[in-house]
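What follows is one structure encoded as structure tokens, with my remarks underneath.
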Amino acid sequence: MPRYKLTVEYDGRPFVGWQRQDNGPSVQAVIERAIFRFCGESVTIGGAGRTDSGVHALGQVAHMDLARDWPAEKALGALNFHCLPDPVAILACERMEEGFDARFSAIRRHYRYRIVNRVPPLTHELGLAWHVKNPLDAEAMHQAAQAFVGHHDFTTFRHSRCQAKSPVKTLEAFRVYREGDLVIAECSSRSFLHNQVRSMVGTLRLVGEGRWAPADVTKALAARDRRACGPVAPADGLYLTAVDYRSAEEDRAARAAYLAQSAPDGAASE
């Protein structure tokens with residue numbers, strides 16, 4: 001059964017999130033509906049990350065399996081046609097090797113958070129960025145953000161309903177910088193906890209406003225206590241920008257190693 005990799009862009013405002021739910025429209029449901037209208041197949045697609053309600057994506061990744069081996073270009077055009085009028089676009093469609101998985105083959109996810117730092121209200125950016133009126137010191141925020149980089153217990157910055165088995169994550173990079181009225185925070189990791197990015201950005205705002213020192217962020221992280229977190233930033237400014245993957249050869253090797261480890265007595269299984 002052919003497997004395809006989809007790179008997806010969407011405006012998160014109309015949706016309850018990526019994942020299909022009973023309480024409202026989701027990005028996953030829009031794409032699955034488009035697939036059915038394209039080829040008559042009812043399929044469940046897998047996504048690289050389950051973005052929350054209101055969170056946007058510039059480079060979400062999903063995979064789909066189809067019974068027929070459609071040309072990728074034809075599938076791309078048909079899916080974009082049938083996603084309309086919802087604000088979801090398939091940027092790329094690629095035929096993949098067997099075993100590729102949008103979630104489990106990923107090695108790194110990249111998020112960006114956008115803050116419009118000015119007094120006048122938002123117009124074009126309304127719903128697409130966090131509006132913060134008080135002046136923010138982006139350099140101080142960047143300095144404080146370095147406390148998050150590395151292997152840490154992020155309990156303080158984890159939603160109380162997070163379903164991850166462990167609060168320990170390795171944050172590879174965290175950068176905060178200013179471009180005019182925009183303050184941008186970018187971070188990368190193999191995976192993130194529920195609300196982790198928004199919790200970290202909301203806390204960094206306290207530093208940017210001068211209410212916290214960078215050392216206070218280090219203390220909050222070390223506390224491993226959700227009550228030590230600053231106010232959580234809204235979903236409006238958060239974007240999943242890209243997902244990195246292993247090469248096909250690395251993916252095959254990783255699957256083989258997993259099967260060997262999972263088999264009884266270490267024997268490989270099919």
Side-chain angles (χ1 to χ4, degrees), residues 1-12 15-21 25-52 55-84 86-111 163-165 188-192 239-263 267-270:
M1 181 174 285
R3 173 157 289 193
Y4 298 83
K5 173 187 175 185
L6 306 176
T7 304
V8 187
E9 176 183 277
Y10 51 85
D11 179 341
F15 303 112
V16 294
W18 163 265
Q19 190 173 25
R20 189 186 335 102
Q21 300 176 49
S26 68
V27 181
Q28 180 184 9
V30 168
I31 299 174
E32 291 174 350
R33 181 193 67 203
I35 295 170
F36 180 79
R37 291 177 177 176
F38 160 47
C39 61
E41 295 185 46
S42 296
V43 302
T44 298
I45 62 174
R50 294 182 293 180
T51 54
D52 287 340
V55 175
H56 317 290
L58 303 176
Q60 169 73 285
V61 175
H63 68 255
M64 66 176 181
D65 296 326
L66 300 180
R68 177 177 169 183
D69 193 354
W70 293 92
E73 289 185 3
K74 183 174 180 64
L76 176 66
L79 292 182
N80 277 320
F81 177 80
H82 290 297
C83 280
L84 294 172
D86 290 290
V88 177
I90 312 301
L91 302 181
C93 178
E94 307 168 61
R95 177 70 190 276
M96 303 300 290
E97 289 194 6
E98 182 182 358
F100 170 81
D101 187 287
R103 179 183 176 190
F104 294 110
S105 298
I107 58 172
R108 190 175 298 105
R109 293 160 175 85
H110 304 276
Y111 279 92
Q163 297 178 357
K165 293 181 180 179
S188 303
S189 177
R190 183 181 183 90
S191 61
F192 290 88
Y239 296 74
L240 173 57
T241 58
V243 185
D244 297 340
Y245 288 91
R246 296 184 289 250
S247 68
E249 293 77 13
E250 291 169 333
D251 215 19
R252 285 195 295 269
R255 288 197 305 275
Y258 174 78
L259 290 173
Q261 184 180 25
S262 302
S269 60
E270 295 184 1

Taking the side chain from [X] and the backbone from [Y], do they hold a donor-acceptor pair closer than 3.5 Å?
{"X": "Q60", "Y": "G49", "result": "yes"}
{"X": "R109", "Y": "A48", "result": "yes"}
{"X": "E94", "Y": "A72", "result": "no"}
{"X": "N80", "Y": "I90", "result": "yes"}
{"X": "Q28", "Y": "R20", "result": "yes"}
{"X": "H56", "Y": "Y239", "result": "no"}

Looking only at heavy atoms, what is the nearest atom pair of [X] and [Y], with distance?
{"X": "H82", "Y": "R33", "result": "O-NH2, 3.8 Å"}
{"X": "A106", "Y": "A102", "result": "CB-O, 3.8 Å"}
{"X": "A78", "Y": "F38", "result": "CB-CD1, 3.3 Å"}
{"X": "L66", "Y": "C39", "result": "CD2-SG, 4.1 Å"}

Using side-chain heavy atoms (C-beta onward) and a distance below 4.5 Å, is [X] in contact with [Y]?
{"X": "Q21", "Y": "S26", "result": "no"}
{"X": "F36", "Y": "S42", "result": "yes"}
{"X": "V43", "Y": "D65", "result": "no"}
{"X": "Y111", "Y": "T51", "result": "yes"}
{"X": "V30", "Y": "F15", "result": "yes"}
{"X": "M64", "Y": "I31", "result": "no"}

Count the heavy atoms of every other residue, nucleotide or ligand shown that sit under 6.0 Å from CZ of R103, and state whether that count exceeds 12.
-> no
Check the surroundings of atom CZ in R50: do more than 12 heavy atoms from other residues, nucleotides or ligands lie under 6.0 Å from it?
-> no
Does Y4 have its ring centroid less than 6.0 Å away from the ring centroid of W70?
-> no
In Å, rounded to the nearest 0.5 Å, how long is the span from OG of S105 to CE of M96?
-> 7.5 Å
